[in-house]
Engineer: 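Handing you a structure now.
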Number of protein chains: 2
Amino acid sequence: MTRARAAVLSALEAASEPLSAAGVASRLTGACDQATVYRALHHLEEAGLAESFVLHCAMHGVERYYAAASSTHRHWFHCESCHRFVDLGECRLGGIVSELEREHGLRVTRHTMYLTGVCGDCAAIEGGRPRDGSRGRRGAAT
Amino acid sequence: MTRARAAVLSALEAASEPLSAAGVASRLTGACDQATVYRALHHLEEAGLAESFVLHCAMHGVERYYAAASSTHRHWFHCESCHRFVDLGECRLGGIVSELEREHGLRVTRHTMYLTGVCGDCAAIEGGRPRDGSRGRRGAAT
DNA sequence: GTACATTTGCGAATCATTCGCATTATTGTC
DNA sequence: GACAATAATGCGAATGATTCGCAAATGTAC
Ligand SMILES: [Mn+2]
Ligand SMILES: [Mn+2]
Ligand SMILES: [Zn+2]
Ligand SMILES: [Zn+2]
């Protein structure tokens, strides 16, 4: 495990939610180049030390998020108001996935699932509480 | 419904699988500009006439795919060998989603789920049967 | 420690998607 | 059907996340 990879992995482990490559880079404050961050993330995922999924959110657009691999595969909810992630815990799709696998004669090697909407905190404070209203895409159409 | 939007919608309806913006454009052979295709897709989705999801595949990279909205919300499987989609039929996640919604106090407005792996046809012909081996990303890391 | 195999930094591409704006369609109104 | 107001298009130029190429720096195996 090289210096850079270890740094990226601990950034993921320290975070309470999935991070984008930019998110990881910002927590390493220039410790290593962005290309290295991307390469390290790819490596960690191949090595089974991290998991990723591509999320589309109106404000942040399309970005790939990474989380340190935990003992069990898990899924997330993304709040479109405060843009935080909520850990939904251990994957409960095993049954459905193997059912579909059987019914359609497939060999499923991977599945992606995530929910989006408004988290409890934001729902309480009607209108939402944008935690990071700063950075935003130009009026992205969706 | 304008000319361009109607054209994009029928392209989606005629297709047996989700199409990327490029896929739609190619079936309209220059009938309208690519920016218009993107704008039409956004419009159709907002109008509830189409559904989309962002998929990450080693060969095609990250792309957003659109399908004409059917009577019921549905999910897909993407074969990483022939790169075709298999319609998994009506969504069966309702139970799990509302369960998670309750447990975590969320208001889920949308969910994304897709499976990837090797389809039956490709599994049969061991080694896979790349149907569109042409266009491919430069050796994308993942 | 020397030689070979990996990994990094940098800066320059890529590629899907979005913008800005001037030019057409559309649509509702006499 | 012509006319004004509004929305949609075409084009070409950005954007922004991610990837590449290659030389310099590290890590690893005798
Ligand atoms: Mn977001
Ligand atoms: Mn594909
Ligand atoms: Zn929230
Ligand atoms: Zn296949």
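Just so it is clear, the structure is predicted and the values come from calculations on it, not from any experiment. Residue numbers begin at 1 in each chain, while the letters A, B, ... track the order of the sequences. Only this structure's heavy atoms are used, side chains among them; waters, hydrogens and symmetry mates stay out.
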Engineer: Should the pair A:Tyr38 and A:His42 be assigned to parallel (<30°), tilted (30 to 60°) or perpendicular (>60°) ring geometry?
Structural biologist: tilted
Engineer: Name the nucleic acid region contacted by A:Arg5, choosing base, sugar-phosphate or nothing; use a 4.0 angstrom heavy-atom cut-off, strictly under.
Structural biologist: sugar-phosphate
Engineer: Decide, yes or no, whether a salt bridge links B:Arg5 with B:Glu45 under the criterion of side-chain N to carboxylate O below 4.0 Å.
Structural biologist: no
Engineer: When you measure from the side-chain N and O atoms of A:His42 to the phosphate of D:dT19, is any distance below 4.0 Å, counting only OP1 and OP2?
Structural biologist: yes
Engineer: Restricting to side-chain hydrogen bond (donor to acceptor under 3.5 Å, both in side chains), what partner residues turn up for B:Arg107, sequence neighbours left out?
Structural biologist: none
Engineer: For A:Arg39 and D:dA17, what is the distance between atoms CZ and P respectively, to the nearest whole Å?
Structural biologist: 18 Å
Engineer: Both B:Ala22 and B:Arg3 contact DNA chain C. Which one's nearest nucleotide lies toward the 5' end?
Structural biologist: B:Ala22
Engineer: For B:Ala35 and A:Val37, take the nucleotide of DNA chain C holding the closest heavy atom to each; which residue's nucleotide lies nearer the 5' end?
Structural biologist: A:Val37
Engineer: Can you tell me how far P of D:dG12 sits from CD of B:Gln34, to the nearest Å?
Structural biologist: 11 Å
Engineer: Looking at C:dT26, I'd like to know if its phosphate oxygens (OP1 or OP2) sit under 4.0 Å from a side-chain N or O belonging to B:Thr2.
Structural biologist: no
Engineer: Using a 4.0 Å heavy-atom cut-off across all strands, classify B:Ala4 as base, sugar-phosphate, or nothing.
Structural biologist: sugar-phosphate
Engineer: Does B:Tyr38 make a side-chain N or O approach to OP1 or OP2 of C:dT17 shorter than 4.0 Å?
Structural biologist: yes
Engineer: Just the rounded figure in Å: distance from P of C:dA16 to NE2 of B:His60.
Structural biologist: 10 Å
Engineer: Assign B:Ala25 to base, sugar-phosphate, or nothing according to its heavy-atom contacts below 4.0 angstrom with the strands shown.
Structural biologist: nothing
Engineer: How close or far is atom C1' of C:dC19 from atom CG of B:Asp33, stated in whole angstroms?
Structural biologist: 12 Å
Engineer: Rounded to the Å, how far apart are A:Glu45 CD and D:dT19 P?
Structural biologist: 11 Å
Engineer: Would you mind reading off the distance between A:Glu63 atom CD and D:dT18 atom C1', rounded to a whole angstrom?
Structural biologist: 11 Å
Engineer: Calculate the interatomic distance between B:Met1 atom CE and C:dA25 atom C1'; express it in whole Å.
Structural biologist: 15 Å
Engineer: Compute the ring centroids of A:Tyr114 and A:Phe85, then answer whether they are less than 6.0 Å apart.
Structural biologist: no
Engineer: Specify the separation, in whole Å, of atom NE2 of A:His43 and atom P of C:dT7.
Structural biologist: 7 Å
Engineer: Quick test of your reading of the model: are A:Glu99 and B:Arg92 salt-bridged, counting only N-O distances below 4.0 Å?
Structural biologist: yes
